[in-house]
Amino acid sequence: MNSDILAGLNPRQREAAETIDRPLLIIAGPGSGKTRLITYRIAYLVRTVGVSPHRIAAVTFTNKAAHEMKNRLASLVRFDANALTVGTFHGFCAKILRIDGESIGLDPNYVIYDDADQLDLIKRSMRETEIDPKRYPPRGFLSAISSAKSLLLDAAGYALGTTTYYEELISRVYERYDQLMAQSAAVDFDDLLLKAHQMLDGQPDVARKYQERYVHFMIDEFQDTNTAQYAISRLMTQGHRNLCVVGDPDQSIYSWRNADIRNILSFGDDFPDAKVIALEQNYRSTQTILDAAGKLISPNSQRVEKELFTDNGKGVPIVVEEGYDEEEEARKVLVEIGALTAPAGKDGKRYALGDIAVMYRVNAQSRALEEGCLRYGIPYQIVGGQKFYQRQEVKDVVAYLRLIANSDDDVGLNRVINQPARGIGRRTLDELARLARDLDISMFEAISRISPSDSQAGIMATNPFTTRATKALTDFRDLILALRERSKEINLVDLIDEVMERSGYARFLRESTDRGEDRLDNVTEFKSAASDYVNLEMREALTAFLESVSLVSDIDSMEEKPETITLITLHQAKGLEFPVVFIVGMEDGLLPHQRSIDDPSAVEEERRLCYVGVTRAKERLYLMRAFRRGFRGGMGPNAPSRFLSDIPRSLIKQAEDSEPAEKTTTRPSRSTPRRREQDGQSAGRRRPGFEFTSKTKTPSDSRSRESKPDRGVPPNKAQGPPRPRPKRAAASSRGGPGFSTGDKVRHGTFGEGIILSCEPSGSDYQVTVAFKEGHGVKRLLLGFAKLEIVGQE
DNA sequence: CGAGAATAGTTTTTT
DNA sequence: ACTATTCTCG
């Protein structure tokens, strides 16, 4: 192996990698080899400097980024990448709290509440503090509390700073909410940070332990950290000050999640001895794309000037195009994709579907694109959208598991105590909540107090329930206790089975009229996710599994599939790159979004978001918009995005020469009044003049990361005849991305089977598969089920 | 208490 | 358009 491990870096990157004994701020423009630098810096620390991997922590924005970093390191140098601590801030905090949280009074079996759980508890808190959830939207309270926590304000701290009546109300709810959280032995996402900070700040022994362990602390995507995260970083590096942060202020797009761009803008002030290094050479995009990006971002006021340059050539001009409505916009995108992937290619180059991404501001925009993909037979993968772990039946099973892990979890209890129906209705629950509140205990605990079997004398007298209700409640409690006992003897997957059976939930689903079977199958999929944990001891398995359910996001499971295009939000696209990028919805009201349009700093963030999208493109960029767009039933015309007018005309392709027919391509300009669409343009279903082929994949696959060929990339027979199919037929007879009726597939749990049908379901696909070996016919969700094609009809 | 109908709010982005 | 909550009746 090369003794100079940094040989592959440019001088700036190299300097950054070798700066290991002081605070370091790396301003890394898009495509400047940031990830590469971080990876090499760690490799250098371990291999050349001799730092134990055990002593290095790197915090990334998503779990996916963390996995990638570990994988890259594992292949770059020979050491156990698992010895490194790499993860998200939330994951890191969850970990140290699990170990040492007791020092600040946190139950080691704490559960993590997600957004929906939080909202439930906020509502309860509002009811209990007599604040009408109809007059004041609970969402608003939740976000106010969340942002307070991000600023490290606990309930008491917040109360001190209230100045308005509204804040006064929030303060009351915050206080009650916190009590209930504590009562439930639960924390929310913000608590993970807040409590980790409290622990490191207030428990010197604990703090010292971590400070001494981690002699190097690195943070990626630093522009998107919030106040709490930054404070934690400072605490963690107090002694040695080896804090290395990497980011790009121009890509700060999470202020709505309380990220504070000032963290990166003022890092130099907080650490006067910090070295600041700017990486400005871009290895990703063409000069044209880079120029456009530069002009696009420059109107922003809050920024650190930087000049991006590249050795890459000028490339091709950016294409700006308008469709009549979102449907036509989608059609234009897909027709162009057809041309790019046709054997003849575009300008002599042929792209693979996996080279192409379509990005949009809001998830709802994916719909028109999906429908288009179905009609044209273009396989796609969609990131995000309907989330697996948020499906009702999955959340219910999770709630049962959480109760087994921690029976004080009130939100979980409320969720499933009457699911399936056990005759425990609203009155009973209200009464139980009141009792719990009076006694200052959790609801589960409250059931024990009314239980005839082990109640102490005197408490029985307070039992406000009917005999029937009392029995229903204690039966439920006994169910959970029995399951907990049982859990000591079996593994996690078997535990889920027992939960399903003994709770009656399986039967409930089986007998439920609609989608019962699908929902059962979702539970089966859920079990297969749990199967990763069967080898651990139960307590640990349960905790780790529940934690991953809470902290894992959709982008984490995104795979590189060479034979599908990618549909993705601009936010999720951060950190990714594609040879070809389409951004759709380049309209005022969407990008910038309506909700930000009258706040200048919000518009700046929208501009950064647009910048992020533009700079994902390596070779080709298309900026698409629709003249009018459907919105909640109605349709409204939209002006072209104001951002379009910041891109110089010289970088834009003016006329579409491949198609001599009537044009819709227009020069983007805010001042130009929108002209009416030419007649027949939208109504006339012009045939796309291209042919889909592609049994074989183009050899000019320019992706940098190697994708594993081992799993689930269907040889793409999807691209059938050139003509769009009628909508209906397309949806039912054609498979989703790469799968069609008759394909032989393999599933991790069920083994081999044959696809009977495949149809869209939400943003996903539901495939019906007949499995061999007695597993029968199952309906699975393509997005989650790991299906692998083993043969075709 | 529970099931089904009516109604309101929702969706910008997600750890 | 779609879900979640509230209302009404058995």
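Quick note on labels: first sequence line is chain A, next is B, and so on, each numbered from 1. Quantities reported herein were computed from a predicted structural model and do not represent experimental measurements.
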Please classify the nucleic acid contact of [X] as base, sugar-phosphate, or nothing, using heavy-atom distances under 4.0 Å.
| X | value |
| --- | --- |
| A/Asn418 | sugar-phosphate |
| A/Ala364 | nothing |
| A/Thr428 | sugar-phosphate |

Using whole Å, report how far [atom1] of [X] lies from [atom2] of [N].
| X | N | atom1 | atom2 | value |
| --- | --- | --- | --- | --- |
| A/Leu570 | B/dT14 | CG | C1' | 14 Å |
| A/Phe508 | B/dG2 | CZ | P | 11 Å |
| A/Tyr360 | B/dT11 | OH | C1' | 14 Å |
| A/Asp117 | B/dT15 | CG | P | 16 Å |
| A/Leu192 | B/dT15 | CG | C1' | 9 Å |
| A/Asp115 | B/dT10 | CG | P | 13 Å |
| A/Arg422 | B/dG2 | CZ | C1' | 15 Å |
| A/Asn226 | B/dT13 | CG | P | 20 Å |

Original post:
Quick one: is the NZ or CZ of A/Lys574 closer than 6.0 Å to the six-membered ring centre of A/Phe61, and within 45° of its axis?
Top reply: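 Yes.
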Subject >> Nearest heavy-atom neighbours spanning A/Leu153 and A/Tyr174 >> reply: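 In terms of heavy atoms, the two residues are closest at O-OH, 2.7 Å.
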**OP:** Taking all heavy atoms of A/Ala405 and all of A/Asn109, pick out the closest pair and write down the distance.
**Re:**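 So the two residues come closest at O-CB, 3.9 Å.
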**OP:** On DNA chain B, check which nucleotide each of A/Arg468 and A/Gln118 is closest to and give me the residue with the more 5' one.
**Re:**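 Taking each residue's closest nucleotide, the earlier one in sequence belongs to A/Arg468.
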Subject >> Residue met sooner reading DNA chain B from 5', once A/Ile424 and A/Glu605 are mapped to nucleotides >> reply: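 That would be A/Ile424.
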Find every protein N or O atom lying less than 3.5 Å from an N or O atom of nucleotides 4-6 of chain C, and list the pairs.
| residue | atom | partner | partner atom | Å |
| --- | --- | --- | --- | --- |
| C/dT5 | OP1 | A/Lys123 | NZ | 2.9 |

Subject >> Short N-O contact, A/Asp410 and A/Arg124, less than 4.0 angstrom >> reply: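 Salt bridge between A/Asp410 and A/Arg124, a charged N being under 4.0 Å from a carboxylate O: yes.
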**OP:** Would you mind checking if A/Asp117 and A/Arg415 are paired as a salt bridge, meaning a charged N to carboxylate O distance below 4.0 Å?
**Re:**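 A/Asp117 and A/Arg415: not salt-bridged.
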[X] side chain: which of [options] is closest?
| X | options | result |
| --- | --- | --- |
| A/Thr88 | B/dT13, C/dA1, B/dT15 | B/dT15 |
| A/Ala421 | B/dT13, B/dT11, B/dG2 | B/dG2 |
| A/Arg139 | B/dT11, B/dT13, B/dC1 | B/dT11 |
| A/Arg257 | B/dT10, B/dT14, B/dT11 | B/dT14 |
| A/Thr569 | C/dA1, B/dT10, B/dT14 | B/dT14 |

Under 4.0 Å between a side-chain N or O of [X] and OP1 or OP2 of [N]?
| X | N | result |
| --- | --- | --- |
| A/Thr62 | B/dT14 | no |
| A/Gln572 | B/dT13 | no |
| A/Asn363 | B/dT13 | yes |

Original post:
Should the pair A/Phe217 and A/Phe89 be assigned to parallel (<30°), tilted (30 to 60°) or perpendicular (>60°) ring geometry?
Top reply: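 Judged by the thresholds at 30° and 60°, the geometry between A/Phe217 and A/Phe89 is tilted.
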Original post:
Parallel, tilted or perpendicular: which fits the ring planes of A/Tyr166 and A/Phe141, with parallel below 30° and perpendicular above 60°?
Top reply: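 It falls in the perpendicular class, over 60°.
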Original post:
Is the ring centre of A/Tyr254 under 5.5 Å from the base ring centre of B/dT14, and are the two planes under 30° apart, so that they stack?
Top reply: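 Not stacked by the 5.5 Å and 30° rule.
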**OP:** Measure centre to centre between the rings of A/Tyr611 and A/Phe643, then say whether the value is under 6.0 Å.
**Re:**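 They do not qualify: ring centres at least 6.0 Å apart.
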